[in-house]
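By convention here, the first residue in the shown sequence is residue 1. Every number for a ligand or one of its atoms is a count from 1 in the order of the listing. Treat the numbers as computed from the prediction; the structure is a model and nothing was measured.
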Amino acid sequence: MSTTTKALSLLLVLVLLLFVSLAHATTDPCPINSIYQFGDSIADTGNLIRNGPGNTNPSSFKNGVNFAVAGSTALNSSFFAARNLHVPATNTPLSTQLAWFKSHLRSTCHGSSSSDCLKQSLFMVGEIGGNDYNYGFFQGKSMEEIRSYIPHVVGAIAAAARDVIRAGAVNVVIPGNFPVGCFPIYLTSFPVKDPKAYDDKGCLKHLNEFAMDHNNQLQEAIASLKKEFPDVVIVYGDYYKAFQSVLRSSKSAGFDKSVALKSCCGIGGAYNYDGKRQCGAAGVPVCQNPDKFISWDGVHLTQKAYRFMSKFLNNIILSQIKCLS
Ligand SMILES: *[C@@H]1O[C@H](CO)[C@@H](O)[C@H](O)[C@H]1NC(C)=O
């Protein structure tokens, strides 16, 4: 090869490289191509059913994996057994979901180191922890006892985040709890006579304060994680504020204010919810227009409410993982 040809081919390589990196920069402004989700029924899209004798069709994990299972807890089942609390045999705590993740990683990240393999992944560590408290509340434990679970639950969530970061995660979202005092299931199950127990939106104050207690401790844990891993993006997913923004703007968002705290799918009582006849049970009706409701079944939200919440959250989350130009 002559010197000129050599110079020309070198130039060509340079131009090609530049072109490739520019094309990459313009077509891919967000560094995320897969999502790994840990959690409970807030994120489960069918794992609880698959976990049983469900279908075993192989799935594509090209864009990540959803490990969330309905009813799951942050803490191991042994924590509840030690406190005489019954948790279902299907409980798939964070530790189990993490074990699934690690086994998945061994089969997908071969060849490249797992940290390279996970650079373009977003990790959702939660929402989880809500059930840890639910089992306490619905099995008659006192508020004070349940409050004592918070450091354990937060510790388990932080430990899970640490685990995925050590495996190579560089974008981690850790969501907090909802203001459960606004949920039909809690409003129905723990009614209070004194009107002062309710806030101006009709939510039970002491239950929202409990959720805030969890969220404050979780945010402290996130602050320590950020110090421990300064190169990792760790974002608090403020589901509490996101939900409140939906509730506050309910009318302008097209929700029907008169049913803001009622479930769409359900029956009976002031909140269209009956723990003995839940959504899905025979004879339990579904509302005409779910888009007018915030609560779907008394425990989970309608798609419309989630869409509004995600608009609120995406602005915060995507800017921190540098996905907004
Ligand atoms: C939870 O259980 C897993 C698997 O059995 C175990 O490895 C882990 O140490 C347990 N965690 C706690 C906090 O007890």
> Tell me: protein heavy atom nearest atom 4 (C) of ligand 1, and distance?
Replying inline: S95 OG, 4.4 Å
>> Please confirm whether the ring centroid of F178 lies under 6.0 Å from the ring centroid of Y240.
In response: no
> Got a sec: does the NZ of K201 have more than 12 other heavy atoms crowding it under 6.0 Å?
Replying inline: yes
> Does some non-hydrogen atom of the protein lie less than 4.0 angstrom from atom 9 (O) of ligand 1?
Replying inline: no
>> Going by ring pair (Phe, Tyr, Trp, His ring centres under 6.0 Å), F137 matches just one of F183, Y149, F210. Which one?
In response: F210
>> Any protein heavy-atom neighbour for atom 14 (O) of ligand 1 (distance below 4.0 angstrom)?
In response: yes
> Among T96, T73, D40, which residue meets the side-chain hydrogen bond (donor to acceptor under 3.5 Å, both in side chains) test with N91?
Replying inline: T73
> Counting from 1, what ligand 1 atoms have a heavy atom of N76 closer than 4.0 Å?
Replying inline: 1 (C), 2 (O), 3 (C), 8 (C), 10 (C), 11 (N), 12 (C), 14 (O)
